[in-house]
S.K.: 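Once you've had a glance at the structure underneath, I'll fire off some questions.
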Amino acid sequence: MADAKPRVKAPASAAAGEPFAIKTLISHEMESGQRKDGDGNLIPQKIINRFTCDFNGTNVVDMTLSGGVSANPYIEFDAMIDQAGELKFTWYDDDGSVYEDAKTIDLA
Amino acid sequence: MRKLFVLGAAAMMTLPSVLSADTAPRDVAFADDGSVAESLTGVAGDPTAGLENATSRGIGNCVACHVAEGWKDAAFPGNVGPALTGIANVYDESQLRGILVNSKKTFEGTVMPSFYNLDDIIRPGDAYTGKAATSPDVTILTAQQIEDLIALLLTFDEPLPE
Amino acid sequence: MTYTRRDALVVGAGGLAVLAMTRAAWAVTADEAIAEFTGGAAMGEGGITLTAPEIAENGNVVPVEVDAAGAAEILVLAPGNPSATICTVAFGPAAGSQRLSTRIRLAKSQDVTAVAKMADGSFVSTSQPVKVTVGGCGG
Amino acid sequence: MRIRAKHSAALASALVIALAGAARAEPDLDAKLVINGDLEMTTIAPAPAHLEGALGDNVISGWHYRDAATRQMETDDFENPAMSAVDEALAAWDTVDGSEGKSCADCHGAIEEGMKGVTAVLPKVTEAGALWSAEDFINDCRTNRMGAEAWDWDKDPMKNMTAAIALQSRGMPVNVAIDGAAAPFWEQGKEMYYTRYGLLQLSCANCHEQNNGNYIRADHLSQGQINGFPVFRLKNDGLVSIHNRFAGCVRDTRAETFSKGGPEFHALELYVASRGNGLAVEGPSVRP
């Protein structure tokens with residue numbers, strides 16, 4: 001699989017104080033560290049181990065993932081805003097890579 | 001006559017088909033109704049081994065297609081074939097042997113595999129590798145595995161389901 | 001706005017600590033994970049829902065949703081997996097609910113479990129049996 | 001206690017019928033596949049005449065045979081895990097590759113325009129008389145026009161591109177030609193479909209025609225339609241090509257398979273595709 005590629009689906013605007021759904025997906029093999037290769041050796045773990053979403057610096061969710069999360073982690077949750085701003089999404093890879101995406105959102 | 005074949009990943013499950021004392025697949029004597037009276041091995045079957053065989057994907061895998069009270073603990077039995085609950089009240093030993101050895105001799109055109117048969121095999125493979133068979137003399141089950149299954153099925157003497 | 005791997009390496013200087021933590025958490029049992037999460041506090045019921053399919057066609061990808069209004073954090077467990085911890089999620093001030101949907105791996109049929117730490121520090125849990133199907137073909 | 005075979009055979013078939021009726025859910029034919037809230041898909045269509053009733057009145061997409069959770073994943077491109085692969089291919093579409101300095105887009109323009117409807121009529125016979133799948137057309141472009149390396153039939157770049165191309169026909173009816181130059185290939189494929197391969201002596205028809213709706217263990221046997229290919233298979237965590245799926249089935253009969261991209265699977269692809277003429281192109285679909 002090529003480099004992890006995040007995808008985010010969030011509304012362009014939301015009413016103040018009204019929860020709205022955000023869907024995220026990142027292409028990633030989520031190698032659990034529990035599988036063996038053809039020679040019987042454990043394949044080292046390489047997963048997205050943490051995901052965060054923040055709105056204007058305030059946390060929405062902070063998730064810790066294990067190899068028990070499926071490949072191409074799909075994460076859906078609700079956020080709520082009281083002003084226009086930016087939703088920032090961050091995925092942390094075991095190999096130290098960090099993948100980011102952001103969506104601006106207006107008050108409806 | 002004794003041959004040993006290495007069958008790749010399936011080696012631990014797949015034994016040589018024909019041991020010296022066994023009736024060879026092409027020597028099995030079928031009655032007109034497809035039944036086989038004589039034991040293939042002369043050794044009584046072991047129903048415990050038969051149950052392992054019937055419920056293991058790499059061996060007989062009967063559970064892939066058949067429901068049976070006798071293996072009710074096996075998850076998600078298939079339903080391509082009939083339920084085998086009470087099957088001992090339907091078929092006797094020789095009929096069961098005939099169906100297992102070569103089902104087509106009892107039920108013409110059935111989708112059920114013939115488990116101790118070497119004839120009419122198109123593109124025989126080497127177990128589940130997708131590669132060509134390394135020997136023309138490998139059957140799906142061994143003679144003793146057939147006898148073990150018969151022993152198991154003869155214990156399925158429950159009342160027939162409605 | 002995808003970062004390239006080279007960018008990511010620079011950004012991710014703190015990644016090693018997380019990596020070490022993840023490795024240490026390998027192969028925990030459900031009891032161990034719950035004890036760590038609750039600190040041994042008593043467990044209540046109610047106020048948390050876990051939605052999962054009764055039968056999962058493929059254990060590789062099983063959609064689950066947890067929802068516990070007022071929770072600070074939720075732990076999702078698969079007690080029948082080689083390592084029971086699936087994920088934890090903490091909800092911040094900008095969360096619109098305390099709900100999370102994701103897709104998880106189940107090694108076999110088992111009772112998927114969620115534990116929520118409520119805002120007052122109490123804990124509630126719930127479980128949902130999921131049967132993972134067994135394919136019929138092949139060796 | 002001995003019962004003659006004639007009697008017991010009748011009893012056995014009575015058991016089959018009783019079980020098939022009672023055991024588990026038939027495909028959910030009431031479910032409707034609407035993608036992204038607005039693209040209604042034809043997942044049940046009148047059976048093509050050439051089937052002569054072999055599948056009953058209708059042909060049915062494999063989507064109906066899946067559980068609700070799996071079906072759901074195909075209703076929204078965001079939830080469909082194949083779309084990451086499509087993204088990869090869209091990037092490749094615009095990327096120059098090979099000695100001629102060309103990208104796909106240089107000849108074909110935007111993929112949405114240039115590839116619209118293409119998958120619906122594949123495989124098809126070329127002017128030179130060869131039966132070609134999407135993969136053949138792609139590699140012909142790559143090697144003869146772009147001066148680039150051919151892609152492996154079963155590796156990600158090829159599977160990703162066939163998914164992106166299939167997407168441009170999504171919702172259009174499968175409509176492969178089976179007459180004229182295609183006829184001999186179609187006949188070869190049909191012959192294969194009914195041939196009982198391997199130690200298990202099973203044909204495609206044994207499972208997907210005679211037993212669709214039944215279960216091999218928990219595998220719910222569908223009609224074996226290929227309108228959803230390439231499929232994202234959850235078991236593999238990735239895309240699966242038509243020929244890969246064929247090879248998997250033939251392997252599972254304990255047979256020597258045919259090669260992916262070889263003449264036999266080309267013929268079989270044409271025949272199986274024709275059994276789904278009228279169903280919407282669904283690729284890339286999601287299957288367990």
Side-chain angles (χ1 to χ4, degrees), chain A residues 3-6 8 14 17-23 25 30 32-34 45 47 49-82 87 89-103, chain C residues 1-16 18-19 21-23 25-28 33 58-67 73-78 81-107 112:
Chain A
D3 268 2
K5 187 178 280 184
V8 171
E18 291 284 331
F20 57 90
I22 296 171
K23 296 177 177 182
L25 188 72
M30 292 295 280
S32 68
Q34 296 165 22
Q45 174 181 305
I47 64 171
N49 58 58
R50 185 181 177 209
F51 164 77
T52 60
C53 172
D54 297 286
F55 173 69
N56 288 351
T58 303
N59 183 247
V60 181
V61 295
D62 187 338
M63 180 177 176
T64 305
L65 294 77
S66 79
V69 174
S70 304
N72 308 315
Y74 174 86
I75 305 166
E76 180 186 335
F77 52 94
D78 300 314
M80 198 159 59
I81 61 172
D82 52 9
L87 287 159
F89 307 89
T90 314
W91 293 258
Y92 299 83
D93 192 307
D94 272 347
D95 71 4
S97 306
V98 172
Y99 308 98
E100 294 187 341
D101 201 350
K103 295 278 179 192
Chain C
M1 187 171 160
T2 307
Y3 275 45
T4 65
R5 173 134 319 167
R6 189 187 298 158
D7 293 336
L9 283 170
V10 177
V11 179
L16 276 179
V18 179
L19 176 63
M21 257 174 52
T22 314
R23 283 286 155 74
W26 200 90
V28 290
N58 193 290
N60 260 347
V61 187
V62 184
V64 297
E65 179 169 296
V66 287
D67 193 348
E73 193 171 359
I74 299 177
L75 165 68
V76 181
L77 298 159
N81 278 13
S83 187
T85 302
I86 297 290
C87 63
T88 58
V89 56
F91 299 96
S97 73
Q98 285 71 46
R99 173 185 81 95
L100 182 95
S101 286
T102 189
R103 297 169 180 166
I104 70 173
R105 290 170 167 151
L106 295 179
V112 179

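Reckoned from all heavy atoms, side chains included, excluding hydrogens, waters and symmetry mates. This one's a predicted model, so the numbers in the text were calculated from it and none came from an experiment. Order of the sequence lines fixes the chain letters, A, B, ..., with proteins taken first and strands second; residue numbering starts at 1 for each chain.
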S.K.: Do M63(A) and L100(C) have side-chain heavy atoms sitting under 4.5 Å apart?
M.R.: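 Counting from C-beta outward, M63(A) and L100(C) do come under 4.5 Å.
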S.K.: Could you give the distance from CZ (R50(A)) to OG1 (T88(C)), rounded to the nearest 0.5 Å?
M.R.: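 Rounded to the nearest 0.5 Å, the CZ-OG1 separation comes out at 10.0 Å.
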S.K.: With a 4.5 angstrom heavy-atom cut-off, could you sort out which part of V62(C) is near chain A: side chain, backbone, both or neither?
M.R.: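 Only the backbone of V62(C) comes within 4.5 Å of chain A.
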S.K.: Which distance, rounded to the nearest 0.5 Å, do you find between the OG1 of T85(C) and the CG of L65(A)?
M.R.: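 With rounding to 0.5 Å, OG1 (T85(C)) is 11.5 Å from CG (L65(A)).
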S.K.: I want to check something: taking the side chain as every heavy atom from C-beta on, are R105(C) and S32(A) in contact at a cut-off of under 4.5 Å?
M.R.: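 Yes, their side chains come closer than 4.5 Å.
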S.K.: For the CZ atom of F77(A) and the OG atom of S97(C), what is their distance to the nearest 0.5 Å?
M.R.: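 Result: 10.0 Å between the selected atoms.
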S.K.: Looking only at atom types and distance, does a side-chain atom of T102(C) sit under 3.5 Å from a main-chain N or O of I75(A), one as donor and one as acceptor?
M.R.: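 Here the side-chain-to-backbone pair does not exist.
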S.K.: Hey, is the main chain of N60(C) close enough, under 3.5 Å, to the side chain of S70(A) for a donor-acceptor pair?
M.R.: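 Present.
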S.K.: Return the OG to CD distance between S83(C) and Q45(A), rounded to the nearest 0.5 Å.
M.R.: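 Result: 8.5 Å between the selected atoms.
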S.K.: Are the side chain of S101(C) and the backbone N or O of E76(A) linked by a donor-acceptor pair below 3.5 Å?
M.R.: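 No.
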S.K.: Looking at G17(A), A21(A), A79(A), which has the largest count of heavy-atom pairs under 4.5 Å with chain C?
M.R.: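 Highest number of heavy-atom pairs under 4.5 Å: A79(A).
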S.K.: How close do A94(C) and V60(A) get, counting heavy atoms only, and between which atoms?
M.R.: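 Heavy-atom minimum between the residues: CB-CG2, 3.6 Å.
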S.K.: For a quick test of reading the model, state the closest non-hydrogen atom pair linking N59(A) to A90(C) and the distance between them.
M.R.: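 Distance-wise, the nearest heavy atoms are OD1-O, 4.1 Å.
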S.K.: If I compare all heavy atoms of F91(C) with all of V61(A), which pair ends up nearest, and what's the gap?
M.R.: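 Shortest heavy-atom contact: CD2-CG1, 3.7 Å.
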